[in-house]
Amino acid sequence: MKTLCLIILLIPSFFIGQEVYYSPFTETYPNIYRSEFEQVNRRIVFESNAVTIVTETPKGKDIEVLNIQETRIVDNRLRLICTNRSKRKITIVFPKEQEEFLYIDYYYRSLTTNEEIQLRLHVEEMQTGRESTYKN
């Protein structure tokens with residue numbers, strides 16, 4: 001019963017419908033000793049079986065669709081195990097239950113070095129109604 005309550009508390013409402021977030025900043029952790037901040041405008045859309053990430057670039061918009069293969073609870077954190085169109089594994093990790101929902105961690109392996117790269121997407125929830133305001 002405790003596990004069921006934990007899963008219900010941790011799973012965001014995007015499993016019920018569509019949840020949209022705006023990410024103005026990205027923090028990159030190429031290794032444990034340094035990180036870099038970048039101002040990158042992203043829209044992240046969570047649906048029941050997919051995550052769509054739309055990134056604004058100087059050349060236009062880059063759209064990445066991740067198919068959710070599996071969900072796990074590890075150390076009180078919800079993990080979405082996904083694959084992209086190239087069948088590469090991407091893991092999305094949410095904050096711990098007691099932490100505020102201010103970021104999403106995105107993990108993938110470098111094609112050249114096989115090193116695990118972590119991106120921390122700092123997020124704000126978007127209003128999906130008529131208003132075009134954001135909230136934290």
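Scope of the values below: all heavy atoms of this structure, side chains included, with no hydrogens, waters or symmetry mates.
- Expressed to the nearest 0.5 Å, how far CZ of R43 lies from CD of E56 amounts to 8.5 Å.
- Ring-plane geometry between F101 and F94 is classed as parallel, the angle between the planes falling under 30 degrees on a 0 to 90 degree scale with a further cut at 60.
- For the pair I117 and E115, the minimum side-chain heavy-atom distance is below 4.5 Å.
- Considering only heavy atoms from C-beta on, D105 stays 4.5 Å or farther from L119 through its side chain.
- For the pair T55/E64, no side-chain contact is recorded, criterion being any heavy-atom separation below 4.5 Å from C-beta on.
- The hydrophobic cluster containing V40 does not contain F37, counting ILVMFWY residues as joined when their side-chain heavy atoms lie under 4.5 angstrom apart, directly or transitively.
- In this structure, the side chain of N84 engages the main chain of S86 through a donor-acceptor pair within 3.5 Å.
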Test side chain to side chain contact (heavy atoms under 4.5 Å, CB included) on V51 and I92; report intermediate values, then the result. CA-CA 9 Å; V51 179; I92 295 176; 4.0 Å; yes
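- By the 4.5 Å heavy-atom criterion applied to side chains, I53 and Y21 are not counted as neighbours.
- Annotation: side chain of V93 is not in contact with side chain of Q118 (no heavy-atom distance under 4.5 Å).
- Within the 4.5 Å cutoff, the side chain of T52 has no heavy atoms near those of the F46 side chain.
- Cluster membership for I104 and Y108, using ILVMFWY side-chain heavy atoms within less than 4.5 angstrom, is shared.
- Taking the side chain as every heavy atom from C-beta outward, T26 and R42 approach each other to under 4.5 Å.
- The shortest heavy-atom contact between P24 and H122 is CD-O, 3.4 Å.
- The CZ atom of R120 lies 11.5 Å from the OG atom of S23; values are rounded to the nearest 0.5 Å.
- When side chains are defined from C-beta on, I44 counts as touching L121, because their heavy atoms get closer than 4.5 Å.
- With T57 contributing its side chain and D62 its backbone, the two residues share no donor-acceptor pair below 3.5 Å.
- Side-chain atoms of R88 come within 3.5 Å of backbone N or O of R109 as a donor-acceptor pair.
- With hydrophobic clusters built from ILVMFWY side chains whose heavy atoms lie under 4.5 angstrom apart, F25 does not share a cluster with Y103.
- Using a 4.5 Å cut-off between side-chain heavy atoms of Ile, Leu, Val, Met, Phe, Trp and Tyr, with links allowed through other members, L66 and I68 fall into the same hydrophobic cluster.
- The cluster map of Ile, Leu, Val, Met, Phe, Trp and Tyr, joined by side-chain heavy atoms under 4.5 Å apart, puts Y107 and I90 in different clusters.
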Going through the checks in order, is the side chain to side chain contact (heavy atoms under 4.5 Å, CB included) test met by I73 and L78? CA-CA 5 Å; I73 303 290; L78 175 65; 3.9 Å; yes
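- By the side-chain contact (heavy atoms from CB on, under 4.5 Å) test, Q69 is found to be paired with N67, T83, residues two or more places apart in sequence or in another chain being considered.
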